[in-house]
Structure formats: structure tokens, C-alpha cells
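To keep things clear, I will list the structure first and then write my remarks on it.
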Amino acid sequence: MKQENEITQELNEMGSMLAGIPRVMPYPVPEGYFTGVSAATREQIMYEADPETIFCEQTPFTVPEGYFDSFPGKILHTIRAEYKSIIPPSKMPFEAPEGYFEQLPGRVLAAVKQDMKSIPLPIPERDAPLKRILSWKPLRQAIAAMLVTGAGLGFYQLIVTSTKPVAQKLSLISKEDVRAYVLQHIDEFETEDLLPAVQLASIDKKSFTPAASGLSGEDIVQYLDETGWDTELH
Amino acid sequence: MPLRAITDEQILLAAFREDVTREAAFTRLVEIYQERLYWHIRRMVVEHEDTNDVLQHVFIKVWKYLDNFRAESNLYTWMYRIATNETMTWLEQRKRRASLSLDDEGNGELSGRLEAQQGFDANKLEWKLQQAIQTLPEKQRIVFSLRYYDEMPYDKMSEVLDTSEGALKASYHHAVKKIENFIKSN
């Protein structure tokens with residue numbers, strides 16, 4: 001009671017509204033719960049100490065005296081009895097004639113020799129020699145080595161030729177081929193890229209007059225209209 | 001003297017150390033402390049079944065370690081300390097389980113458990129107070145609960161929580177302010 005007053009007084013000193021709230025816990029507890037806590041705890045403690053004790057105590061059945069002592073012997077006896085009836089004996093009921101296995105190798109050998117005499121030798125196939133040659137291991141290894149060497153030389157040649165200067169390679173191409181390539185791929189070239197390579201001074205401007213090109217003034221105006229000459233000129 | 005009448009800690013401990021009276025002494029110990037520890041745990045974990053599990057663990061630990069209990073500290077604070085540690089462990093486990101199952105396991109989840117309680121009425125002040133308490137951080141909730149409900153003196157709280165009295169007073173005052181603000185704004 002004294003402590004309770006102390007708590008309330010403390011809250012009052014703090015000016016807290018909690019001082020005026022009843023300190024009750026609203027949670028419900030199952031009826032009779034607290035009367036069973038100690039018993040439940042003791043049971044749990046006993047179970048943790050020896051689970052088998054609790055298990056045996058809780059089992060309503062009884063076991064005949066000495067049952068577990070004789071159980072291993074009984075189960076072993078049963079297993080042995082069943083084993084005899086299921087697993088067949090190792091001795092076979094059939095018998096071979098006396099001396100059969102001793103004479104067998106000689107008999108087989110004699111039969112093979114007889115067959116060799118009576119059966120003609122097989123005619124070799126046409127490609128049999130080639131197959132025999134190809135099946136010779138050293139030869140196969142030599143062929144593989146040659147293929148690897150050939151591939152290596154080819155690769156080396158490719159690398160050596162590819163290191164030649166570009167200008168030297170281009171000089172081997174004829175002017176006609178270059179012109180044909182440029183005309184075919186004219187759309188891929190940017191004007192700004194081409195202009196530095198053109199020697200403007202060497203161009204004959206007269207050859208670009210409408211009369212010289214065979215174009216009429218109307219053709220030129222129509223072309224400029226189609227390509228948006230206004231925007232380009234302004 | 002029948003054990004039922006025993007309330008003195010020293011006599012109870014002596015009885016527990018004797019094989020003949022061990023179980024009877026333990027039963028008496030449970031009877032004395034069960035309700036206080038129950039409510040201490042339940043204010044933290046909210047649900048009865050969870051509280052029961054934690055309380056069982058607490059008393060099992062008491063049974064295991066009571067022989068080693070040294071009389072320098074109070075049996076009452078020693079048991080509260082076990083109960084607090086077991087509760088904190090349980091809360092941590094629940095958080096881990098929730099994080100694995102991607103559930104929301106914060107104060108929001110606790111308030112959900114609170115609202116699921118039988119007789120919950122958000123308009124009643126005692127329930128509103130519980131809602132406010134659930135918004136506090138775990139350790140501050142324990143401090144508030146020990147002081148406000150268990151009426152535990154600060155020196156005893158210091159033993160239970162291994163924290164200085166000054167820090168506990170500051171924590172309690174902050175908790176009171178937070179709860180007031182919650183109640184006023186809700």
C-alpha cells in the first residue's frame with residue numbers, strides 16, 4: 001500500500017494523467033489457471049529429467065514380467081526360422097557327369113579345329129585393306145599431326161598478310177572497283193567526311209553547269225524542293 | 001510449521017535443499033510468485049498461451065538453479081531477473097521467426113495481438129493504456145511495467161535489469177510522457 005502511494009505520488013509530482021487511471025490489467029486469464037501452474041511445472045520438470053518415467057507412468061498398459069529380457073532371444077529365433085525357409089540352400093540339386101569339367105577344354109578345342117577345316121576362309125571386302133591401314137595407330141597419329149601443322153601454317157599466313165599497310169593493300173585495288181564501290185554505297189558516306197579528301201581546286205567548275213550536266217533549271221528546282229533546299233540554305 | 005504458512009525466503013530455500021521437502025518447498029515458491037511473474041511476462045508477450053510457455057520455462061530454470069542461488073541477492077529480484085531474461089529471449093525468437101516468414105513483427109504486430117484479446121475495447125482507458133504501452137521499446141516497456149504495475153522500487157529494478165537507478169528513473173519518466181502523448185492523441 002505504501003509503495004502504491006509512492007507510485008501515485010510520483011506520477012502526481014510529474015503532473016501525469018496516469019495518476020488518475022486505475023492500474024488494472026484488462027487481459028483475461030483462464031479460470032483456475034493459477035491453481036494448476038505448480039503441478040504443470042513439476043510435471044514438466046520430471047519429464048525433462050527423465051522422459052521415459054513420465055511415459056511409463058502415463059501408459060495404462062502392462063507388460064509381462066521379464067518380457068523385455070527374453071525379447072532379443074525370441075526375435076533372433078524367429079528370424080533364424082524364417083531365414084531357413086526363405087533362403088535356398090547353397091548346394092544345387094543337379095549334378096554334372098563325372099570328369100565333365102576336366103575334359104571340357106580339350107573337347108572345345110577339338111571342335112574349333114574341326115570347324116576351321118570345314119569352313120572356307122571369308123573373302124575380304126574391297127575396302128578391307130584401307131580399313132586395316134587406317135586402323136593402324138601410328139598412321140592415324142601422323143595424319144592428325146599433319147592436319148594440325150597445316151592449320152597452324154594457314155593461320156600464320158593469315159596473320160602475316162593482314163599486317164601489310166592499308167595503303168599498300170588499297171593500291172592493289174583498281175580505280176574502277178573503288179568508283180563502283182563508292183557509287184553503290186554513296187548513302188553511307190557523310191559529306192563532311194568526303195570533303196577533306198576532295199581537291200576542290202582541281203575540280204572543273206564548268207562541268208557542273210546545268211547545261212553541261214544536261215539538267216534543266218526546272219529539274220534542279222524540283223530536286224531542291226524535294227530535298228528541302230530552303231532549310232539547308234538558311 | 002506447515003509449508004503453506006512459510007513466506008520467509010530463507011526457510012523456503014532451506015526446505016528446497018532437503019530432498020524430503022524439496023517438492024513441497026518448490027510448490028510453495030510457485031504459489032507465491034506465479035501471479036506476479038505471470039503478469040510481468042504477459043504485459044510483454046500479450047497472449048496467455050505464450051505467457052504460460054515462458055512462465056513454465058522460468059520455473060523450470062528456478063528448479064534447476066535454486067541450489068546455486070546465493071542469498072546476497074533477493075530471491076524475489078532473482079526470479080524477476082530470470083523472468084525478464086526468458087521474456088526477452090522469447091521476444092527475440094519471435095522476431096527471428098517473423099523475419100524468416102516475412103511477417104510484420106514490430107509494435108504493429110503486438111497491437112494486433114492486443115486487439116485480438118477477449119473484451120478488447122479501444123474506447124476504454126485501461127485498453128488504451130495497454131495500446132500505449134505496446135508502442136514503447138521493449139526495455140522501456142519492462143521498466144514502465146516493473147515500476148507502474150509491480151510497484152518495484154528503483155533499487156530492486158536496478159538488480160533485476162542491471163541498470164543504474166538514475167537511468168531507470170529517466171527511462172520511466174520518458175515512458176510516462178510517451179504514454180500520455182499517445183493517450184491524448186488517440
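No experiment lies behind these values; they were computed from the predicted model shown.
- For B:Trp63, the ring-ring contact (aromatic ring centres under 6.0 Å, His included) partners are B:Phe16, B:Phe26, not counting sequence neighbours.
- No more than 12 heavy atoms of other residues, nucleotides or ligands shown are found within 6.0 angstrom of NZ on B:Lys61.
- Applying the ring-ring contact (aromatic ring centres under 6.0 Å, His included) rule to pairs touching residues 160-179 of chain B yields B:Phe144-B:Tyr172, sequence neighbours excluded.
- Ranked by heavy-atom pairs under 4.5 Å with chain A, the first of B:Thr51, B:Ile60, B:Leu125 is B:Ile60.
- Closest non-hydrogen pair, B:Ile183 versus A:Met17, comes out as CG2-CE, 3.5 Å.
- One distance of note links CG of A:Leu18 with OH of B:Tyr148; it measures 5.0 Å at 0.5 Å rounding.
- Relative ring orientation between A:Tyr33 and B:His48 is described as perpendicular, the plane-to-plane angle rising above 60° on a 0-90° scale split at 30° and 60°.
- Distance alone, capped at 3.5 Å, places no donor-acceptor pair between the B:Glu126 side chain and the A:Pro26 backbone.
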(message) Before you tell me yes or no, could you show the steps for A:Met14 and B:Glu180 under side-chain contact (heavy atoms from CB on, under 4.5 Å), namely the whole-Å CA-CA distance, both residues' side-chain angles and the distance that decides it to 0.1 Å?
(response) CA-CA 11 Å; A:Met14 290 165 65; B:Glu180 280 180 350; over 6 Å; no
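- The environment of B:Lys124 atom NZ is sparse: at most 12 non-hydrogen atoms of other residues, nucleotides or ligands sit within 6.0 angstrom.
- B:Asp121 does not touch chain A: none of its heavy atoms, backbone or side chain, sits under 4.5 Å away.
- The OH atom of B:Tyr154 sits 8.5 Å away from the CD atom of A:Glu6 when rounded to the nearest 0.5 Å.
- Taking every heavy atom of both residues into account, B:Arg43 and A:Tyr27 meet most closely at CA-CE1, 4.5 Å.
- A:Val24 and B:Gln130 make their closest contact through O-NE2, 4.5 Å (heavy atoms, listed as atom of the first residue, atom of the second, distance).
- For A:Glu31, the CD atom sits in a loose shell: 12 or fewer heavy atoms of surrounding residues, nucleotides or ligands are nearer than 6.0 Å.
- Between B:Lys169 and A:Glu10 there is no salt bridge, since none of the side-chain N atoms of the basic residue sits less than 4.0 Å from a carboxylate O of the acidic one.
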(request) Decide side-chain contact (heavy atoms from CB on, under 4.5 Å) for A:Val37 and B:Glu31; before the verdict, give the C-alpha distance in whole Å, the side-chain angles of both, and the deciding distance to 0.1 Å. (result) CA-CA 8 Å; A:Val37 172; B:Glu31 285 170 353; over 6 Å; no
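- Dense packing is recorded around CG of B:Asn186, with more than 12 heavy atoms of other residues, nucleotides or ligands lying under 6.0 Å away.
- In this structure, A:Arg23 fails the cation-pi test against B:Tyr149, since its NZ or CZ atom is not both closer than 6.0 Å to the six-membered ring centre and inside 45 degrees of the ring normal.
- Annotation for B:Gln34 and A:Ser38: closest pair OE1-N, 4.3 Å, computed over non-hydrogen atoms.
- Of the two parts of B:Glu35, the backbone and the side chain both hold a non-hydrogen atom closer than 4.5 Å to a non-hydrogen atom of chain A.
- Remark: B:Gln56 CD to A:Thr41 OG1 distance equals 4.0 Å, nearest 0.5 Å.
- Only the side chain of B:Lys184 comes within less than 4.5 Å of a heavy atom in chain A; its backbone stays farther off.
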